Amino acid sequence: MPDKTMLSAAVEARKDIIKMTAAAKSGHPGGSLSAVEILVALYYGAAKTDPSKPGWEERDRIVLSKGHAAPVLYAVLAGKGFFPRGDLLTLRKTGSYLQGHPDMHKVPGVDMSTGSLGQGASVSVGMAIAGKRAEKPYKVFAVLGDGELQEGLVWEAAMAAAHYRLDNLSFIIDNNGLQIDGRNSDVMDVGDVAEKFRAFGFYTAGVDGHNTDRILEALARDTGGKPRCIVAKTTKGKGVSFMENQAGWHGKAPSAAEAEKALAELEAYEIG
Amino acid sequence: MAKKALRVAYGETLAELGAENEKIVVLDADLSNATMTKYFKEKYPERFFNMGIAEANLMGVAAGLAHSGYIPFASTFAIFGAGRAYEIVRNAIGYTHANVKLALTHSGISVGEDGGSHQSIEDIALMREIPGMTIFVPCDAVQTARAVRAAAEISGPVYIRIARPAVETITGEDAVFEPGKALILRDGGESPDLCIVATGLLVREALAAAEALAAEGKRVSVVDIHTIKPFDGETVARLCAASRAVISAEEHSVFGGLGSAVAETLAEAGICAAFGRIGILDKFGQSGDPDELFDLYRLNAGAIIGKYRELAK
């Protein structure tokens, strides 16, 4: 049973995602809701970070390679105290530091500016090589979408991660099966993701991506010197009944009425 | 005068810098024998990372190293580093102002025999558009060494455009290399007939053209723009304002490179000198001996003189 702090952080993050995207009238709720437990597991469990010292050299690095899920990253960072929660409602507004896609120079706690898919994976390989070279104990975590795996750069990065034996690097795939134009399997089938990463030289594990315990367990395993890839099975739009498994909610913000309905569901979930 | 390849100077300087600064790391994409990063690799194998034939990842990994405190020099051919990997350079390096040095070799048609597919004629234009990107285009081996050293000192992304051939060295061993400062190689006096603004391998052609025209009694200034960005518009405007004619000269498309930078400067400063551009005229390159290609594409002293005669009519 995942601990209460993480369960409650996940519910709060989901509510924030709805409020932020509704206020912004744009953004990506579907893939943010699917990655909630992944980011909660990282920031509340697996990764060493310090909200009072976001640039701390020894910190573990977290790269949200699927940068369009910025709302979930901002929600979790605000929840951890990296910046005031009240600022979340400025998402995507002119002058706000909460850009549509994460900006490392604007947001405390963001380790890499992302948004152009595949690049976070590649950059995280560079960070992991740097950690090895400097003999620093920090770990590097990159969160990728499953649609993102269609980018060739991901596989260039994967090849390099295995070649340089980056056992300080973990890719976590938010495997919700959907992308803007529909199901991954219809748009461009990514096939057996774990099998592909195994073939590229990764230690792989498949987990329930909405169970922080399972994610943390998989992150704690010894990889035998290999980079790690966790395929986290998730539901796009998780936690909001009318958004679940709907590709249409990839990049569409809820209306005020829809947000109200979603928030009521999330409140009920919290109580239940 | 002795000839030396710019890329050899790059490789040698990089190996020297490796001894001076432990933060310098080098990445290549299976071309270390051509880009000459092999000199660094031989001395500091633990700080050399081959990314294989994967230029997009080369740039992403370099960004990750830069954001972890290292000073990565990322090398491949210009066509791949600036072209194929453009959007990774733009977003992972430019947008994040990563301290990556793109030392890209085999630029321009002086690549020669490999032909048009490998001859990058648009890299300066691509890199100029990226906010915060410094661009050096050295003209010879000595200037290349200076540019590489200067790049290591700059905080932020730098593109160094390194042509392939061995060329005669123009730059004196004691010459100063000041980033962002145009170098006046020849002063045409108070009201020159012509000011030639050149960069890279065309600097030697500009000097040869100036000498030939001087023999006819023309007063000619020659400016070496080793730093395309930030562009020393002030010096260019000052020299050109007094000149009757201005010619830009580069081994690059006339679109978006030095010729464009000079045109923008002249237009914005309201300078009405007759103006012409020497460069690649909306064409791809082709296979051939580099010198013969320079003749074929009109990238030589003769072409500069011909352009002057047109302008002076």
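When reading the values below, keep in mind they use all heavy atoms of this one structure, side chains included, and skip hydrogens, waters and symmetry mates. Everything numeric here is computed off the predicted structure, so don't read it as measured data.
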S.K.: Can you confirm whether B/Arg84 is buried at CZ, in the sense that more than 12 heavy atoms of other residues, nucleotides or ligands lie under 6.0 Å from that atom?
M.R.: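 Counting neighbours around CZ of B/Arg84, 12 or fewer heavy atoms of other residues, nucleotides or ligands fall under 6.0 Å, so no.
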S.K.: Sub-3.5 Å donor-acceptor pair from the side chain of B/Tyr70 to the main-chain atoms of A/Ala134, do we have one?
M.R.: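 Looks like yes, one N/O pair under 3.5 Å.
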S.K.: Looking at side-chain heavy atoms only, is the closest gap between B/Met51 and A/Tyr164 below 4.5 Å?
M.R.: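 Counting from C-beta outward, B/Met51 and A/Tyr164 do come under 4.5 Å.
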S.K.: State the CZ-NZ distance between A/Arg133 and B/Lys23, to the nearest 0.5 angstrom.
M.R.: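 Atom-to-atom, A/Arg133:CZ and B/Lys23:NZ are 9.0 Å apart.
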S.K.: Is it the case that more than 12 heavy atoms not belonging to A/Glu57 sit under 6.0 Å from its CD atom?
M.R.: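 For A/Glu57, atom CD is not crowded (no more than 12 foreign heavy atoms under 6.0 Å).
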S.K.: Using heavy-atom distances under 4.5 Å, tell me whether B/Glu22 contacts chain A through its side chain, its backbone, both, or neither.
M.R.: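 For B/Glu22, neither part sits under 4.5 Å from chain A.
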S.K.: CE/A/Met112 to OG/B/Ser68 distance, rounded to the nearest 0.5 angstrom?
M.R.: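 That separation rounds to 10.0 Å.
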S.K.: Is it true that atom CD of B/Glu46 has more than 12 heavy atoms of other residues, nucleotides or ligands lying nearer than 6.0 Å?
M.R.: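 Above 12, so yes.
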S.K.: Is the backbone of B/Thr96 close enough, under 3.5 Å, to the side chain of A/His105 for a donor and an acceptor to pair up by distance?
M.R.: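 Judged by distance alone, yes, a pair lies under 3.5 Å.
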S.K.: Would you say CD1 of B/Ile154 has more than 12 non-hydrogen atoms from neighbouring residues, nucleotides or ligands within 6.0 angstrom?
M.R.: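 Counting other residues, nucleotides and ligands, CD1 of B/Ile154 exceeds 12 neighbours.
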S.K.: To the nearest 0.5 Å, what is the distance between CG (B/Asn50) and NE2 (A/His163)?
M.R.: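 Output value for this atom pair is 7.0 Å.
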S.K.: Under 6.0 Å from the NZ atom of B/Lys41, do we count more than 12 heavy atoms belonging to anything else shown?
M.R.: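 Result for NZ/B/Lys41: enclosed.
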S.K.: Kindly give the heavy-atom pair with the smallest separation between B/Asn57 and A/Ser122, and that separation in Å.
M.R.: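 Minimum heavy-atom contact is OD1-OG, 2.7 Å.
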S.K.: Distance check, rounded to the nearest 0.5 Å: B/Ile88 atom CD1 versus A/Ser116 atom OG?
M.R.: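 Going from CD1 on B/Ile88 over to OG on A/Ser116, the span is 6.5 Å.
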S.K.: Just how far is it from atom CG of B/Asn91 to atom CG of A/Leu117, taken to the nearest 0.5 Å?
M.R.: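 These two atoms lie 10.5 Å from each other.
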S.K.: If you count heavy atoms of other groups shown closer than 6.0 angstrom to NZ of B/Lys43, is the number above 12?
M.R.: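 Atom NZ in B/Lys43 is packed in, count exceeds 12.
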S.K.: Looking at CD of A/Gln119 and CD of B/Glu87, how far apart are the two atoms once the value is rounded to the nearest 0.5 Å?
M.R.: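 Output value for this atom pair is 4.5 Å.
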S.K.: Would you say A/Arg165 has more than 12 foreign heavy atoms packed within less than 6.0 Å of its CZ?
M.R.: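 No.
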S.K.: Below 4.5 Å from any heavy atom of chain B, which atoms of A/Asp111 appear? Answer side chain, backbone, both or neither.
M.R.: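 A/Asp111 has no heavy atom closer than 4.5 Å to chain B.
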S.K.: Give a yes or no on this: more than 12 heavy atoms of other residues, nucleotides or ligands lie within 6.0 Å of atom CD of B/Glu264.
M.R.: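 Count over threshold, so yes.
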